[in-house]
Amino acid sequence: MRPERLIARLTLAQASCLLIGVEIEKSPFYEGKAKRLFRAANNLILQEFKNSATAFNGQKKAEIEGKAEVNATMSAMIFQYLEDAEIKTHLVDFIPPRSHLIQQLKMIPLEVVVRNYAAGSYLKRAISKEGEKIRPPALEFFYKDDSLGDPMMDEAEILAKQIADASDMAELKKQALKINDVLTQMFSQVGLQLVDFKLEFGKNSEGQIVLADEISPDTCRLWNQESGEKLDKDRFRFDLGNLMDGYQEIFSRLKTIIQWKERR
Ligand code: UDP
């Protein structure tokens, strides 16, 4: 088949990857609530962001035009910022408009949540008012299982079930707290308060723990430092205003301090 005919039948991301010499399978091997994953050559994966927004374990759903592009771009910028601070991430390249080429990892099935201020599900369990400072920051683990509703899990249970061992747990905590320090100062430079966020990690072929998934306003709570306005996914969860207005505000502020560096 002539190259231009072949490219016409591929998605934009697949065509971009082909142009940099990385072949991508046509059908995703995994489709989740927010992303589709395609296998690529050399043990790489193409992670494509979706426009779908979901909340309350998938009970509330919508398609939001432009969300995939903005989140994919912001998440790539944030991962680059973290790499510059010596944090290992799975990101190999940003494939505009809405995909990341990533390293294949053996994922650890935990969501690691860091909280600097009380919000969200923390309010149901803690004797705090929304916005109250949490010092030292709270670190929580949730076992990734949609059918169980991602239950919170303490370290003893994680060890007992062999989901991670003691040295993995020490490393997850160390990395999560370092990421918190870097992101807190990064967002504060642009007038944003990092309230809480969720991280996911995996292990590379050398057994090192590496940051995976995404960091975006879908996975962080970010408030305007001056007005307290919520700019993140809580706008969608609780109908607080147009979601993309909040995301675009965060994006335009981040662009003033991070320039995506081309990797090719
Ligand atoms: N979070 C996430 N994915 C999840 C659950 C939570 O990205 O499946 C993020 C959420 O956006 C927030 C932080 O983790 O920034 C803490 O969320 P919380 O436990 O308060 O749960 P929520 O009430 O948001 O479901």
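First listed ligand is number 1; within each ligand, the first listed atom is number 1. Positions are given from 1 along the sequence.
Within 4.0 Å of atom 6 (C) of ligand 1, not a single protein heavy atom is present.
In this structure, the protein non-hydrogen atom closest to atom 15 (O) of ligand 1 is D196 OD1, 2.6 Å. Nearest protein neighbour of atom 25 (O) of ligand 1, counting heavy atoms only, is R237 NE, 4.4 Å. Of the protein's non-hydrogen atoms, the one nearest atom 4 (C) of ligand 1 is E111 OE1, 3.6 Å. From the protein, the heavy atom lying nearest to atom 23 (O) of ligand 1 is S121 N, 3.2 Å. If you check which protein heavy atom lies closest to atom 2 (C) of ligand 1, you get K198 CE, 3.5 Å.
Ligand 1 is never approached by E140 to a heavy-atom distance shorter than 4.0 Å. Judged by the shortest distance from any of its heavy atoms, D218 lies inside the 4.0 Å radius around the atoms of ligand 1. For the ligand labelled ligand 1, residue K233 lies outside the 4.0 Å heavy-atom shell.
Counting heavy atoms under 4.0 Å from ligand 1, residue C220 touches it through the backbone alone. Contacts of R115 with ligand 1, taken as heavy-atom pairs under 4.0 Å, involve the side chain alone. Of the heavy atoms in V113, only side-chain atoms (C-beta onward) come closer than 4.0 Å to ligand 1.
Considering only heavy atoms from C-beta on, T219 stays 4.5 Å or farther from E111 through its side chain. For the pair L211 and L91, the minimum side-chain heavy-atom distance is 4.5 Å or more. Residues I179 and L199 have side chains in contact (heavy-atom distance under 4.5 Å, counting atoms from C-beta outward). Using a 4.5 Å cut-off on side-chain heavy atoms (C-beta onward), I78 and L254 make contact.
Listed for the R237 side chain is no donor-acceptor partner under 3.5 Å among the backbone atoms of F56.
Numbered from 1 in the order shown, with element, the atoms of ligand 1 that lie under 4.0 Å from a heavy atom of R221 read 12 (C), 15 (O), 16 (C), 17 (O), 18 (P), 20 (O), 22 (P), 23 (O), 24 (O). The contact set between ligand 1 and G120, taken as ligand atoms under 4.0 Å from a residue heavy atom, comprises 20 (O), 23 (O).
For NZ of K174, the number of neighbouring non-hydrogen atoms (other residues, nucleotides, ligands) closer than 6.0 Å is 12 at most.
Tested against D218, the residues K233, K67, K33, K50 include a single salt bridge (Lys or Arg N to Asp or Glu O under 4.0 Å) partner, K67.
Note on E206 versus K88: no salt bridge recorded, every NZ/NE/NH1/NH2 to OD/OE distance being 4.0 Å or above.
For the atom pair CD of E48 and CZ of R36, the computed distance is 4.5 Å after rounding to the nearest 0.5 Å.
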